[in-house]
Colleague: 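My questions all concern the structure below.
FYI, the numbering just counts along the sequence from 1. First listed ligand is number 1; within each ligand, the first listed atom is number 1.
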Amino acid sequence: MPVTHDHSYVEDFAPGANVLPPRAWLDDDSAKLPLTGEWSFRLSPSVADAPGDLKDPDTSGWDTITVPGHWQLSGYGAPAYTNVVYPFPLEPPYVPTDNPTGDYVRTVTIPADWAGSRVVLRFEGVDSRFAVHVNGEFVGWSSGSRLPSEFDLTDLVAPGKEARIAVRVHQWSAGSYVEDQDMWWLSGIFREVNLVALKPTAPTDVFVHASYDLGTGTLKVDSDVAGTVVVPELDLEIPTGVEVTATVEPWSAESPRLYDGVVRTEGGDVRLRIGFRTVEIADGVLTVNGNRVLFNGVNRHEFHPDRGRALTEQDMLDDVLIMKRAGINAVRTSHYPPHPHFLSLCDEYGLYVIDECDLETHGFGYEPEPPKLPNPVMDERFRDDLVERMRRMVQRDKNHASIIIWSLGNECGMGDNLKAMYDAAKEIDSSRPVHYERDTEAEFVDIYSRMYTDPAGCAEIGAGPELYRNLPFILCEYGHAMGNGPGGLLDYREVFDKYPRCQGGFIWEFIDHGIRTTIDGREVYAYGGDFGETIHDGNFVCDGLLFPDRTPSPGMLEYIKVIEPLRIVAGDNGVSITNRYEVLDTEHLTFAYVVEVEGTQVASGELSVPVIAPGETVTVELPAVDASRPETWVTVTASLAAGTSWAEAGHRIAWGQIRLDSPVSVDLPAGGAPADGVAGVDGISVGAVKNARLDVWRAPIDNDTNPGVAAAWREEGLHRVQHRIVSQGERDGAWEVVTRTAPPQLQWGLVSTWRWTAVDGGVVLDLSVVPEGTFPEVLPRLGITFELPKVSQVEWFGTGPNEAYVDTREAAAVGRYSATVAELQTPYVRPQENGHRIDTRWATLDGLRIEALGTLFGLTVRDWTTQALETATHAADLVPGDTTHVTLDIAQTGVGTAACGPALPDRDKLKTAPAKLSVRFTSN
Ligand code: IPT
């Protein structure tokens, strides 16, 4: 079929054509006809193939598709993931001719009572560029995937008559050059579409200005159609455009006080939810209502494993509730404005928002020099589009109390277009500061921002008011949560606590973007490459605190503990409790204590704690307990006294654990007769223990792989060591086996002496390991591994209930726990080392009891080998066999965040050195 359609708009630098000026998202009385649901749909593989029949398409042979949605998740084409790189050649504004193009057609009847109103067709989000035809006429086109677009159809439709709407959506466009965010490329009409009737007598744009100062709120509501502003709770009734003051309670993330208001006009009402709050920057500190804000934030992409970025309101609520329950107080909407409903939820439940524009051009590089192409933010041809994107976001979102900062976008380098965006934002709204991280010298931004700086680097900024114009400093991204991690979060918190200017940060990122699909008959969460992409970035798309199904990963539990609003630690003669809230005292909390001896509860009760004001610390005496028994621990918990909109009464807000006894070192048992049948490295027979060997390898975690740590370990041969029995025989009352563990070809080794001593009901192993030769400086782990016939239940006394490593142990409490082997595994989307429980005192694995004598061990139990874990590409690849594999670590290297961030600090590395382990094996 000949192409009669003009597609030149696909490669146009402009933001759109015939699009109405941007305005605020309003809860108003305008009649709406939702166009969600089924549309006729046809996908053409390229623009060249897209039929030229849009004026009057015959849709009889077409499929149907559900709007909102992505066509790649509705059975057409496939998702593709890249982080920085563009999946098409860089030659703006051109895009490949093989440009999947989806046609959506739907017929609606314009309600008869819309006569006299302007009829507007509103799209909340279409990826990436689209043209609209109505009743055979070309209406216009727009771009900016995560921004709304409106078209005036008044002259093309008639009330009471049918209107045929045809929307042609292109996967790639000139707009794709500025939408290079780290996420799946997913196309289509993925947010709602509405037909709206705008009465000439009703407002179409309203701007609420509501500030707060020392008990007084100042309110002014501008409206394009004059009316009366009514706030019943404040007894206010004032004309639009007039400023008034009243005694109010302020809005903040912790106390999200909203006042219902309404703008009354002849043509209808606009409902308002007014939050009085003032954002200010003075002396290097950003304040809300005069209080320093500490951002305990996350970067949130919109994601659902089945729906992609087409979220339901329930998905959005789920995210908000998860955040509130976790103590998260801030969201950066990386890297585009979210669905407007999400922002309304942030107003209502209380979350500070950095609203970020739909902009990233990472693949061009930050400062490209000729002959490289300029980055679009330096390229004048993109300016109108970029400035318009900023205006569209600020106009849409300006009435949300939760938004306290605008952000220009992410990872574009520097260029004049950014300054123009900054100016455009300020022209509309001067009340909010503007953020942009790549303004690395703080030339024009209002907040100094970095990503992935190490704690020492943050401290340097904190200690140097002369740096970066003494602007408030945030980490817009840190604590990269890919796979097992992030480790070392406490180090950041200490810096944020010490320097007022260091105002916290936003973990990268909230959720893993694994797409639920089936590979080889097994359900998996797919990542880059799983859909046959020729260019992709693998599992870098799975770097969230939540797994794709929104269950928390251990990283989330760790973050919850690190940011908790109370600090509960040992104090002089009791427990010291610090209130770290911004505005709340502790009146809404109840305190309780539990005393346990070796994990068994011996006392519990309520703890009477005086009301603690923000920033204050109290020390409370603990009830008298007999602290003579080993492993006597008291756990103090603060919980919600009453239910809130986001959690039930009893929800845990903070906790702390204090050891009451003084740990004593345990005497190692004296030697006895040799254990029967102990055969050293080839398999000892303590009960059913088989194949005890020294273990130095872990299935590399993402934080080992990406910075090349794992590659260096492989160079040292750590992944393929061999074992040799050097000698064995009875010696000094024990069966002594000397082994040497070493990799092929290399000359270093670990010489281990295994002394097995029979004791009542079992055997004691005293292991000592001595490195020799030019050994690697750091080991992934050092311990022993052995096999058992399939174990069903594991009980242990140590840290838990979740996995804990040397740098991710804040959320782990000392206690007695029980789990199946399956429950001990953490299902990272790409399998890797997991499930370690640091500082285990003893464990029982069905009939076998293992007890630490002296140094505690790290416990790992799995139904597959480390090698199986290492070679699996998705969690579903791991299938239990008949054998359970147990590792007792003397120590293990920490996990860190090096997949994107600073290298693991030396402190958390396991340095190769002589080491010892003593454990008793008995039948349970
Ligand atoms: C940083 C990006 O801003 C973010 O979108 C994401 O890609 C993250 O990295 C990695 O997951 S950019 C990085 C080069 C510091």
Colleague: Can you pull out the closest protein heavy atom to atom 12 (S) of ligand 1? Residue, atom name and distance to 0.1 Å, please.
Modeller: E411 OE2, 2.8 Å
Colleague: What is the minimum heavy-atom distance between C542 and V829, and which atoms define it?
Modeller: SG-CG1, 3.7 Å
Colleague: For atom 5 (O) of ligand 1, find the nearest protein heavy atom and state the residue, atom name and distance (0.1 Å precision).
Modeller: H335 NE2, 2.7 Å
Colleague: With heavy-atom distances below 4.0 Å as the criterion, list the atoms of ligand 1 near N410.
Modeller: 2 (C), 3 (O), 5 (O)
Colleague: Restricting to non-hydrogen atoms, name the atom on S449 and the atom on H435 that form the minimum distance, rounded to 0.1 Å.
Modeller: OG-NE2, 2.8 Å
Colleague: Under 4.0 Å from a heavy atom of C900: which atoms of ligand 1 are those, numbered in the order shown and with their elements?
Modeller: 9 (O), 10 (C), 13 (C), 15 (C)
Colleague: Only one of Y478, Y452, F295 passes ring-ring contact (aromatic ring centres under 6.0 Å, His included) with Y492; say which it is.
Modeller: Y478
Colleague: What do you reckon, does D182 have a nitrogen or oxygen under 3.5 Å from a nitrogen or oxygen of ligand 1?
Modeller: yes
Colleague: Take atom CD of E91 as the centre, draw a 6.0 Å sphere, and report whether it contains more than 12 heavy atoms from other residues, nucleotides or ligands.
Modeller: yes
Colleague: Considering both backbone and side-chain atoms of H362, is one of its nitrogen or oxygen atoms within less than 3.5 Å of a nitrogen or oxygen in ligand 1?
Modeller: no
Colleague: Heavy-atom contacts with M451 under 4.0 Å: which atoms of ligand 1 show up? List them by number with element.
Modeller: 1 (C), 3 (O), 12 (S), 15 (C)
Colleague: Going by the order shown, which atoms of ligand 1 are within less than 4.0 Å of some heavy atom of N83?
Modeller: 7 (O)
Colleague: Can E477 and R332 be counted as an ion pair, charged N to O under 4.0 angstrom?
Modeller: yes
Colleague: Numbering the atoms of ligand 1 from 1, which are under 4.0 Å from a heavy atom of F540?
Modeller: 10 (C), 11 (O)
Colleague: Give me the residue, atom name and distance of the protein heavy atom closest to atom 8 (C) of ligand 1.
Modeller: Y452 OH, 3.4 Å
Colleague: Give yes if a backbone or side-chain nitrogen or oxygen of E360 is under 3.5 Å from a nitrogen or oxygen of ligand 1, and no if not.
Modeller: no
Colleague: Could you identify the single nearest non-hydrogen protein atom to atom 1 (C) of ligand 1 and state the distance to 0.1 Å?
Modeller: E477 OE1, 3.1 Å
Colleague: By number and element, which atoms of ligand 1 are closer than 4.0 Å to a non-hydrogen atom of D543?
Modeller: 11 (O)
